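Let me begin by presenting the structure, written as structure tokens, before commenting on it.
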2 protein chains.
Amino acid sequence: MGRKSTTRRIGIADVALKAGVSHATVSRVMNGNFTVDPAIAERVREAAAELNYQPNPVGRSLALGKTDTIGIVVPDLANPTFQAILRGLSMAAAQDGYRVLIADSSEVSSEEAILAGEARRRCDGLVLCAPRMGDAELEELAPSLHPMVLINRSTTEIRVPSLMVDYGQGIQELAEHLVELGHSRIVFLSGPERSASNALRVQGLEKFKAGHPDVEVQLIDGGSNFDTGHDAVDAVLASGGTGILAFNDLVAMGLLSGLHERGVRVPEDISVTGFDDIPFARYTTPPLTTAAVPITELGGQAWHSLRALIRNEDTPNAVNTFRPQVEVRGSTGPSKNR
Amino acid sequence: MGRKSTTRRIGIADVALKAGVSHATVSRVMNGNFTVDPAIAERVREAAAELNYQPNPVGRSLALGKTDTIGIVVPDLANPTFQAILRGLSMAAAQDGYRVLIADSSEVSSEEAILAGEARRRCDGLVLCAPRMGDAELEELAPSLHPMVLINRSTTEIRVPSLMVDYGQGIQELAEHLVELGHSRIVFLSGPERSASNALRVQGLEKFKAGHPDVEVQLIDGGSNFDTGHDAVDAVLASGGTGILAFNDLVAMGLLSGLHERGVRVPEDISVTGFDDIPFARYTTPPLTTAAVPITELGGQAWHSLRALIRNEDTPNAVNTFRPQVEVRGSTGPSKNR
DNA sequence: CTGAAAGCGCTAACAA
DNA sequence: TTGTTAGCGCTTTCAG
């Protein structure tokens, strides 16, 4: 049992021995307990310093029943959106002395439950990011994962707060923007089928259509990355649309690049919008009109919600919705057919 | 002591009780020890399943002296390079059942040692990514962090393998590429001062200069992000250079954007190169000529080196150097003054 | 093949 | 104020 003895690590017992006190006293000193005689405390600190003692967090975790670590499960770490959430989460958690453990499900929805469970057991709480699993599974899983916060999904389980981005609202506003520019043939380059955020966009567009019977709205199947946009050029041109709503900024960038290769001018011939406002969006040529989502802040907010849960504070709002904000840049312009 | 009792978690004891056996037997069954009577094993498994028992990893870690977790310390999680390393590391480690714990030093070099120490204690090993700390500090710290692998830095400590990217080589080749296109006035838009990888680029340029006394090479102070490039437009134009080597792709993209705003054509008026070949590089307008670094693979390699260390296998190569590969795209072209 | 018991490193109740 | 002791949940030796 115990560790394979290479260079035995210094433990609390070594310090106790060296300082001529008990483990308990060393523990008290290390935790800043003031009921220790200053002289003894000093002796302990000296011993600890000489031995370069650092408490073992695993032992501490076992005794305390907490790890000061939270987990995050993402579908794909290559996705800038999840990277930004991770960053916001990690920064905010670090402020409170918590670390973040990553689990990437590689878009394999069947892996999510297992990964989430494993991560949860190692951590004090969990952030489940845009899970791809079905509603029923999510519903069933949620209680066992508590404390947990959801991003871009929701449950009926009251103890699980959700942070949602109102993609429907955002896409509607982008569509309105195109209409104001005189576009009457709009194309939505949709995202991954399993993506809940794509469903929200589609819903938003339905609402939009209801309010604009005169505007033609087409839908082209797609995905969530550069290639999706790049490969969709032909379909887009064939559609005859002049205002293109890309699923996100990546898709929009791919499309921009493809259109450029074809000699199609943006925004003179075709207007293109993205979604998310990733840092790169303002540096494309032309700069991308998009709907800005404060993703990093969302990550920070996720930590604050989770922290409240962990501390057993007042239950946070069940659902916290972030509204995207349209950023008009150079990739959209007046329709030629106005 | 112990956890604050909310909904007591199921432990090995509960399973033992339910199956009418001892803890030890349950442990054996859970670990696939075949010295257990099949009938009893089955009874244990049933009990475990009914109780939905999952072993507590913290207890396990304490007993085993290992956490199945590795840590990574990065200077800035917003940097695409470190994101890619993290991703490669995380994917590779997951293959072997290891999880990754993140620590972001926010470019504060004084925090690195503390973060690294803390992370190391919670984990079985550490990846230290492009640390900003001084050589002396790194040298002193290294032994206490073992097993550890370094990225883009090295130590004399033999047990610490390094994965390095040959930035000097890469920048030299990019400069050669510009010369071949007829450029004789080259400008290097340099990176952060503390960055070791910037120093390597500068060294590479020194070598280049030695081989090309006829070529003028200027150096402009900069940084590592979009804004650096965007804000450098005036200085670049004032320099009279026609071939611009940007510190990395981000800087190059910012510069591209700034030049576009000024109406300067790329590559007709000025050629621009990046470095790293981040995914966005091929989708800029024009697509960016750059030196490709297999960053995600580097992350994977980091895990393999670390794994060897953890398993106490043969000592991996002290230094493993990755050579960037020039990707010629549309942002570089013949000099007007050829 | 199984159970009792020790031990991983730490915290905290309890006694002194 | 300090030490003794139990216990966090697990693995593993050692008897039986």
Side-chain angles (χ1 to χ4, degrees), chain A residues 1-44 47-48 51-68 118 120-124, chain B residues 1-44 47-48 51-68 118 120-124:
Chain A
M1 92 198 57
R3 78 183 54 262
K4 49 183 167 183
S5 58
T6 30
T7 343
R8 245 189 43 65
R9 278 269 272 272
I10 299 287
I12 202 171
D14 303 283
V15 181
L17 193 69
K18 177 152 192 146
V21 296
S22 69
H23 323 269
T25 298
V26 176
S27 173
R28 284 191 268 260
V29 172
M30 298 311 290
N31 292 314
N33 188 324
F34 288 113
T35 71
V36 179
D37 183 290
I40 299 197
E42 184 53 30
R43 216 166 66 216
V44 169
L51 294 173
N52 193 20
Y53 166 70
Q54 306 285 149
N56 178 333
V58 180
R60 204 156 190 279
S61 291
L62 189 59
L64 256 26
K66 69 194 202 94
T67 61
D68 292 340
E118 276 184 1
R120 176 61 188 82
R121 257 166 272 131
R122 294 184 135 73
C123 299
D124 299 344
Chain B
M1 88 197 59
R3 78 182 55 258
K4 49 184 166 181
S5 58
T6 30
T7 342
R8 243 187 46 66
R9 279 270 271 271
I10 300 286
I12 201 171
D14 304 282
V15 181
L17 194 68
K18 176 152 193 145
V21 296
S22 69
H23 322 271
T25 299
V26 176
S27 172
R28 285 191 266 259
V29 173
M30 298 310 289
N31 292 314
N33 188 325
F34 289 112
T35 71
V36 179
D37 182 288
I40 298 196
E42 185 53 30
R43 217 166 66 215
V44 169
L51 294 173
N52 193 19
Y53 167 70
Q54 306 285 149
N56 177 330
V58 180
R60 205 156 189 280
S61 291
L62 188 58
L64 256 26
K66 70 196 202 84
T67 61
D68 292 339
E118 276 184 1
R120 176 60 189 83
R121 257 167 272 132
R122 295 185 132 73
C123 301
D124 299 344

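Naming convention: chains lettered A, B, ... in sequence-line order (proteins, then strands); numbering from 1 in each chain. Because the structure is predicted, anything quoted here is derived from the model rather than measured.
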Report yes if at least one side-chain N or O of [X] is closer than 4.0 Å to OP1 or OP2 of [N]; otherwise report no.
X	N	value
B:Ser22	C:dA4	no
B:Arg60	D:dG9	no
B:Thr25	C:dT2	no
A:Asn31	C:dT11	yes

Work out which heavy atom in [X] is nearest to a heavy atom in [Y]; give both atom names and the distance.
X	Y	answer
B:Ala19	B:Ala47	CB-CB, 3.9 Å
B:Thr35	B:Arg28	OG1-CD, 4.1 Å
A:Asp124	A:Asp68	OD2-N, 2.8 Å

Take the protein atom [atom1] of [X] and the nucleotide atom [atom2] of [N], then report the distance between them rounded to whole Å.
X	N	atom1	atom2	result
A:Ile40	D:dG3	CD1	C1'	11 Å
B:Phe34	C:dC1	CZ	C1'	15 Å
B:Asn33	D:dT13	CG	P	11 Å
B:Arg43	C:dC1	CZ	C1'	13 Å
B:Leu64	D:dT13	CG	P	11 Å
A:Ile12	C:dG7	CD1	P	17 Å
B:Asn56	D:dT11	CG	C1'	13 Å
A:Met30	D:dT2	CE	P	16 Å

Earlier contact from the 5' end, DNA chain D, for A:Ala41 and B:Gln54: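 Its nucleotide being nearer the 5' end, the pick is A:Ala41.
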Comparing B:Tyr53 and A:His23 on DNA chain D - which has the more 5′ nearest nucleotide: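 Final value for this comparison: A:His23.
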Touch class at under 4.0 angstrom, heavy-atom based, for B:Pro55 against every strand present: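 Result for B:Pro55 = sugar-phosphate.
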Sugar-phosphate, base or nothing in reach of B:Val21, heavy atoms under 4.0 Å: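 It contacts sugar-phosphate atoms only.
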N/O donor-acceptor pair, side chain B:Arg28 with base C:dG3, under 3.5 angstrom: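 Indeed there is one.
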Nucleotide of D:dT2, D:dG9, C:dC1 approaching B:Asp37 most closely (side-chain heavy atoms):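 It is C:dC1.
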Nearest listed nucleotide, side chain of A:Ala63, among D:dG9, C:dC10, D:dT12: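 It is C:dC10.
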Given A:Val36, A:Val15, A:Ile12, the one that forms side-chain contact (heavy atoms from CB on, under 4.5 Å) with A:Thr25: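 That would be A:Val36; it is the only one of A:Val36, A:Val15, A:Ile12 passing the side-chain contact (heavy atoms from CB on, under 4.5 Å) with A:Thr25.
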A:Lys18 side chain reached by A:Leu51 side chain, heavy atoms, under 4.5 Å: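 Sidechains of A:Lys18 and A:Leu51: in contact.
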